[in-house]
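Data block below; observations after.
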Amino acid sequence: MSTFNKYFPIIARTIDSELLRKDSINRDEIIIKMLEVAEVKKRLPDLIRNNKKHNTPEKAVGNLVDWFSAEITKKSKASLPWVNKYVREKTLYSGRRIWEYRFSDKILENEIDERDVEKLTEGSVKIVNVNAYERNPKAREKCIAYYGLTCSCCGFDFFKKYGEIGQDFIYVHHLVPISEMKKSYILDPVEDLRPVCANCHAIIHRKSPPFTIEEIKIMIEKNA
């Protein structure tokens, strides 16, 4: 692993924290926020000492952020947990074109259950309509920020099991079936969502209405 790659989770957490408050964050704003992180402050002397070209805190952290962005562009193995998590585009900021980050809807694609969507089929053509509000990336991240990245049913942790590729990965389950939500429904990420692993999510939807988190926990305990 590159020395820089170990900073990727810190950079991602910094981006996520800001995107929970606003729609986007650019490269220079990430650097400013990174310089406030205690773990980064502690390592700055070593970062500067080991790289004479980037001999100020801003340059040293900027180099890390640029490395992170370059790896995402290449879709390298080290960047895979974040490749589909963000949408990036070059924007004009202080007279320079720099990367701006937003949450991507792609992080939710695998969470859509057949019972949650309306399907219209004609021949081999299938159209799936899903309302946007219940797949809001911010709602997902707020749920994870509150409950963490372990499964609410069985405690499975993708990162502990699979390493880097499992970093920041978890499904998010809607306690209120999306098909029952009305257009006026206001989603509460803490009350309405729970992080779950793929196996538990599949079992939850083995019946309609879905099993509850508590019912799945009882099953697991009963068959342990």
Side-chain angles (χ1 to χ4, degrees), residues 8-25 29-30 33-34 36-39 81-82 84-87 101-118 129-162 166-221:
F8 287 4
I10 302 174
I11 296 171
R13 286 197 299 269
T14 302
I15 294 171
D16 291 352
S17 177
E18 289 303 299
L19 290 183
L20 291 178
R21 300 190 308 104
K22 57 185 184 178
D23 290 335
S24 66
I25 182 171
E29 292 169 333
I30 296 169
K33 291 298 176 182
M34 286 278 290
E36 298 173 0
V37 177
E39 192 175 354
W82 304 285
N84 290 327
K85 189 171 189 178
Y86 307 116
V87 170
Y101 291 71
R102 289 183 174 83
F103 280 136
S104 168
D105 287 334
K106 287 185 178 181
I107 60 176
L108 304 173
E109 285 178 351
N110 291 330
E111 295 171 22
I112 299 174
D113 185 87
E114 289 188 359
R115 297 173 182 81
D116 294 338
V117 298
E118 175 187 355
N129 295 325
V130 182
N131 290 332
Y133 72 92
E134 72 272 15
R135 299 299 178 187
N136 188 325
K138 283 190 177 181
R140 179 184 195 278
E141 293 304 317
K142 285 180 180 179
C143 168
I144 290 171
Y146 188 86
Y147 292 107
L149 287 158
T150 58
C151 177
S152 298
C153 299
C154 69
F156 186 85
D157 185 314
F158 283 90
F159 179 66
K160 286 182 180 178
K161 188 69 175 179
Y162 298 107
Q167 180 82 43
D168 290 342
F169 184 81
I170 193 74
Y171 282 51
V172 168
H173 170 60
H174 297 73
L175 300 181
V176 179
I178 291 172
S179 58
E180 295 179 14
M181 291 182 183
K182 306 301 181 184
K183 288 185 178 179
S184 59
Y185 189 89
I186 299 175
L187 187 73
D188 184 320
V190 174
E191 295 295 324
D192 297 335
L193 306 177
R194 293 292 187 281
V196 295
C197 71
N199 284 350
C200 288
H201 198 213
I203 295 299
I204 284 171
H205 287 286
R206 287 281 287 172
K207 77 176 183 75
S208 184
F211 287 106
T212 66
I213 299 289
E214 291 69 28
E215 286 174 326
I216 299 298
K217 283 182 176 180
I218 290 171
M219 288 181 205
I220 293 170
E221 290 174 7

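- Considering all non-hydrogen atoms of both residues, S24 and R102 come closest at CB-CG, 3.7 Å.
- Rounding to the nearest 0.5 angstrom, the gap separating the CG atom in L193 from the OH atom in Y147 is 8.5 Å.
- Rounding to the nearest 0.5 Å gives a distance of 9.5 Å between CG of L19 and CZ of R21.
- Sorted by first and then second residue, the side chain to side chain donor-acceptor pair (under 3.5 Å) pairs with a member in residues 148-158 form an empty list; sequence neighbours excluded.
- To the nearest 0.5 angstrom, H174 atom NE2 is 9.0 Å from C143 atom SG.
- Inter-residue side-chain proximity for V196 and I213 is flagged as met; some heavy-atom pair is nearer than 4.5 Å.
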Working for side chain to side chain contact (heavy atoms under 4.5 Å, CB included), residues H173 and I204: CA-CA 9 Å; H173 170 60; I204 284 171; 3.4 Å; yes
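- From M34, atom CE reaches atom CD1 of I15 across 8.5 Å, with rounding to the nearest 0.5 Å.
- With hydrogens and angles left out, the side-chain atoms of N199 and Y171 include no donor and acceptor closer than 3.5 Å.
- In this structure the side chain of S17 never reaches within 4.5 angstrom of the side chain of K33, judged on heavy atoms.
- In terms of modelled atom types and a separation under 3.5 Å, the side chain of K138 and the main chain of K22 share a donor-acceptor contact.
- Between F169 and P81, every side-chain heavy-atom pair lies at or beyond the 4.5 Å cut-off.
- Closest heavy-atom contact between S104 and Y86: CB-C, 3.8 Å.
- Proximity of a side-chain donor or acceptor of T14 to a complementary backbone N or O of I10 within less than 3.5 Å is detected.
- Residues F211 and M219 form a side-chain contact, since some pair of their non-hydrogen atoms from C-beta on lies under 4.5 Å apart.
- When all heavy atoms are compared, the tightest approach of V190 to D188 is N-OD1, 2.9 Å.
- The aromatic ring centroids of Y101 and F103 lie 6.0 Å or more from each other.
- Distance SG/C153 to CD1/I218: 11.0 Å, rounded to 0.5 Å.
- Here the closest heavy-atom approach between residue F158 and residue A198 is recorded as CZ-N, 4.0 Å.
- Minimum heavy-atom separation, C154 to I220: CB-CD1, 3.6 Å.
- With a 4.5 Å cut-off on side-chain heavy atoms, I170 and R140 count as touching.
- The nearest pair of heavy atoms linking P195 to G148 is CG-O, 3.6 Å.
- The distance from the CZ atom of R194 to the NE2 atom of H201 is 13.0 Å, given to the nearest 0.5 Å.
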